[in-house]
Structures are given as structure tokens and as C-alpha cells.
There are 2 protein chains.
Amino acid sequence: MRRSAEAAQLTRERIVATGVTKASTDGLSALTIGTLAEALGMSKAGIVGPFGSRAGLQFAVLTKAADMFIAAVVAPSMEVESGLPRLRVMIDLWCGYLDSSPFPNGCFITAASCELDGRPGELRSFLLATVTRWRAFLREQIVIAQEAGDITTTLDADDLVTALTGIAMAANQEIQLLGDATAPARARRLMLAAITR
Amino acid sequence: MRRSAEAAQLTRERIVATGVTKASTDGLSALTIGTLAEALGMSKAGIVGPFGSRAGLQFAVLTKAADMFIAAVVAPSMEVESGLPRLRVMIDLWCGYLDSSPFPNGCFITAASCELDGRPGELRSFLLATVTRWRAFLREQIVIAQEAGDITTTLDADDLVTALTGIAMAANQEIQLLGDATAPARARRLMLAAITR
DNA sequence: CCAGCCAACGAACGATCGTACGCTAAAGGA
DNA sequence: TCCTTTAGCGTACGATCGTTCGTTGGCTGG
């Protein structure tokens, strides 16, 4: 039962990966079993099976997307010491993530936030927890850098979290909707300006 | 033919108004004729009729939402002289709009931007034009205020547009997803800080 | 007053949705 | 070698999707 279990895991990951791609462009609620089955050359039953239901599939896709954000921005920054050094790396990674993201249509988390914020349920709860955790992590690095006297204190940590998050969101719109290729560089410059002054 | 034409117009507006509400929570692509018909106590044919097709209905709903944003933020600001005075009023109106918006689930334009940015078509084109026009209007007021020496020039107009837009988007997430009631006031303070420093 | 117009209805269509069921075939442990 | 497990398939179900049709009833212009 070893070999087959491994194969099943691989199939599951293949489904989720394709699901993330489709959900990035069409939205999580437009992620349909039929189209996903056709895209993967599988039967509908073969898609739903590993996840129990469509809701389970959506949850797996959202979880995967959150992991991908963490893998792209958070994880690599842990190699660097906390505070300003890590903050600088995070900003670089964040803007690089916005520039050429692992999703075809920009930040999946931002899109999911807009899509799910008014729909109570497991998806929203998970997204809320993810965003809260990310903001707390960002705030933590800001506080450490402030206490070390490395960045500005004219704005408090909460203000800076809002400012940095906002710059990322605006840049995301400029890249995805407006097609502005200069947005990532501007975002990076604005983020650095926000924490230095 | 006068009376009936007026009644038809009224029905059309009633459909669009309900459609805006539903699309605000469930997304524009989840705006379905059947549910809208049931919500309004009408037949499906009576819903589609005035718009020709579902796509026409979606377009009418998106157009209405854009009008509502303009009516809430842009139009009242035109009573005030351009430049810094108008900018201050716009910021107040903008944050008030985020705080208690005419939509049940936050800024419709931001949500639509995330939903449609990867889907070419008439909806995306209209949204692109709307956002471009709004950003140009905002930039214009910034430039006027800068040339008058009323606001900072350490950041250029494009930077300030990104910064202000971003603060609004971050605040929108804080209000709608995170349930942070202090977000509107913080957004207003951050916007004013961005242009004055 | 009456003929014509039109907003809205009700029914039906093919397609697709999510889900449930039984089946097949391959793989692993005894 | 045989038995059990299970990944994935094929089919069918009821519900709902968007759209099209003929009909109806109340208004309006003449």
C-alpha cells in the first residue's frame, strides 16, 4: 500500500496545483469540478474523491495558496536576523512576489480576501487566520526594528502595517488591472520610504 | 406609452439595485438570474428582459456601482475648490465611504478589480476605464496642490496616488475581513500624513 | 372607446452543476 | 499465490444555470 499511497498523494497535489491556477483567474467560487476534471483529463469522481466534496477541494486550494505566499515571502526571510535586516528582505521578496507571482493573476490572498470577506464559513475563517498571522509577523519585525532605533517611530507599528500592506495592494492592482510594469519598483521604493522617514 | 415606460425604468433600477447588493457579497460572476428573480419576486424572463442577457445585467450592475462610488466621493468634492481643499474633502468622503459604504461588503470597485483583473472582456475594460479615470482625477488634485505648495513634494504625484489608494485598500480589508472598527480613522490619519509630511 | 403596444409571466430547452453509487484494476501483505 | 485494499472511472441523479418562446393583461395614443 506504499506505492499507491504515494501515487495518490501525487495526484492530489496535481489537482490542487491546477486548482490554484484556475482559482487565481476565475476566483475560488468559480472553481468547478467539471472544468478541473477536463483540464486534468480525469473523471469528476477522480477529482472529488481525494477531497470528499467541492468544499474540501476549495479549502485545499486556499491552503496551498497560503503556503505558496509563505514560501515566497516569509520562509526565505527567516534566514536573516530579525528587525530591519529581515524587513528589508521581506520587502524585496514581497515586491518580487507581486512582480512575478507564482499565481497567474497576482496575489491570491488579496483576491481571496475581496472575494470571501462577506461570506462566513470555513474558507473565510482560514483566510482571516492567515491574514492575521501574516500581519502579526510583519508587525513584529517592525516593532523590533523600531525598538532598535533602525526605522522611523513617527508612525506606530499598526500604521506601518497598514501603509506597507496598502502599497502592496495598490501595486497589485497597478500590475494586474492597469498593466503598469513600473509598479513593483515603485512599491519597493515607497515601502522603504515609509519605514525610513 | 409614457406611464409604462416610466414603470419599466423603475423596474430596471430596482433590479440593478438588488443586483448591486447581491454582487457586493457574492461577486459579480455569482450574480445569477434565478436567485435575483426569486429575491425580487419576479420571473427569470422579467429579469433578463430589460438587459438582453446576463452579461448586459452584469454590465448594468457594474456601471451602477461605479456611479455610486462617484456619487459618494467625487461628486460632492466638486463643490469645493480644486487642490488641497478638494483633496481634504475627498479624503474625508473616501474614508466615510469605506466606513459605511453604500454596498454591504465594502468597496465594490476594489472587489471587482480583484475579481476581473485576469478576465478580458467588456466588464474588465469598463472597470479599467473607471479606475484609470478615478486615479487621473486624484492625481490631478495632487498636482494642483503640489504646484500651489500646499502639500509635500518629497513624493511625486504618482507615488502619492499609489500611497493613498493603497491605504484605502488596506483599510477596506481591515474593515471587511478583519473587522477592525478603528480602520477608517487610521486611514484618514495616514492619508493626511502622506500628503503633509 | 378601441386598437395596438409592451412589460412581465410561465413553461420549456439543453447544458452543467455537485454528489452518490457500483465497478475495475493494480498494488502490497500474508 | 491469494486476498484485501484503494485509486480512479463511468454513470446516473436532481437541481440550477442562461436563454428562448408564446401568452397575458394593463396601459396609452388616436
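Bear in mind that the values here come from a model prediction, so they are computed numbers and not experimental data. Below, all heavy atoms of this structure are taken into account, side chains as well, without hydrogens, waters or symmetry copies. Letters A, B, ... are given to chains in the order of the sequence lines, protein chains preceding strands, and every chain is numbered from 1.
- In the model, T165(B) has no side-chain atom that pairs as donor or acceptor with a side-chain atom of Q173(A) under 3.5 Å.
- Distance, F51(B) CZ to dG18(D) P: 14 Å, rounded to whole Å.
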Output side-chain donor-acceptor pairs under 3.5 Å for residues 68-86 of chain B, partner residues at least two apart or in another chain, one line each.
{"unit_1": "S77(B)", "atom_1": "OG", "unit_2": "V74(B)", "atom_2": "O", "d": "2.6"}
{"unit_1": "R86(B)", "atom_1": "NE", "unit_2": "S77(B)", "atom_2": "O", "d": "3.2"}
{"unit_1": "R86(B)", "atom_1": "NE", "unit_2": "V80(B)", "atom_2": "O", "d": "3.1"}
{"unit_1": "R86(B)", "atom_1": "NH2", "unit_2": "V80(B)", "atom_2": "O", "d": "3.0"}

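- When the shell of 6.0 Å around CZ of R186(A) is examined, it contains more than 12 heavy atoms from other residues, nucleotides or ligands.
- Non-hydrogen atoms lying under 4.0 Å from DNA chain D are contributed by M42(A), S43(A), A45(A), G46(A), all within residues 33-47 of chain A.
- D92(A) is linked by a salt bridge (charged side-chain N to carboxylate O under 4.0 Å, His left out) to R188(A), counting only residues two or more places apart in sequence or in another chain.
- Using bins of under 30°, 30° to 60° and over 60° for the plane-to-plane angle, the ring pair F103(A)/Y97(A) lands in the perpendicular bin.
- Going from atom CD of Q9(B) over to atom C1' of dC6(C) covers 15 Å, rounded to whole Å.
- DNA chain D is contacted by no residue of residues 15-24 of chain B, taking any non-hydrogen atom closer than 4.0 Å.
- Phosphate contact (OP1/OP2 of dG18(C), side-chain N/O of S53(A), threshold under 4.0 Å): absent.
- Atom CG in L31(A) sits about 11 Å away from atom P in dC17(C), given to the nearest Å.
- Of the side-chain N and O atoms in T32(A), one or more sit less than 4.0 angstrom from OP1 or OP2 of dC17(C).
- Straight-line distance from the CZ atom of R54(A) to the P atom of dT19(C): 8 Å, rounded to whole Å.
- R135(A) CZ: more than 12 foreign heavy atoms inside a 6.0 Å radius.
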Sequence neighbours excluded and cut-off under 3.5 Å, please list the side-chain donor-acceptor pairs for residues 122-131 of chain A, or say none.
{"unit_1": "R124(A)", "atom_1": "NE", "unit_2": "D117(A)", "atom_2": "O", "d": "2.8"}
{"unit_1": "R124(A)", "atom_1": "NH2", "unit_2": "D117(A)", "atom_2": "O", "d": "3.2"}
{"unit_1": "R124(A)", "atom_1": "NH2", "unit_2": "Q176(B)", "atom_2": "O", "d": "2.8"}
{"unit_1": "R124(A)", "atom_1": "NH2", "unit_2": "L177(B)", "atom_2": "O", "d": "3.2"}
{"unit_1": "S125(A)", "atom_1": "OG", "unit_2": "G121(A)", "atom_2": "O", "d": "3.0"}
{"unit_1": "T130(A)", "atom_1": "OG1", "unit_2": "F126(A)", "atom_2": "O", "d": "2.9"}

Name the atoms and distances for all side-chain donor-acceptor pairs under 3.5 Å in residues 31-38 of chain B, with sequence neighbours left out.
{"unit_1": "T35(B)", "atom_1": "OG1", "unit_2": "T32(B)", "atom_2": "O", "d": "3.2"}

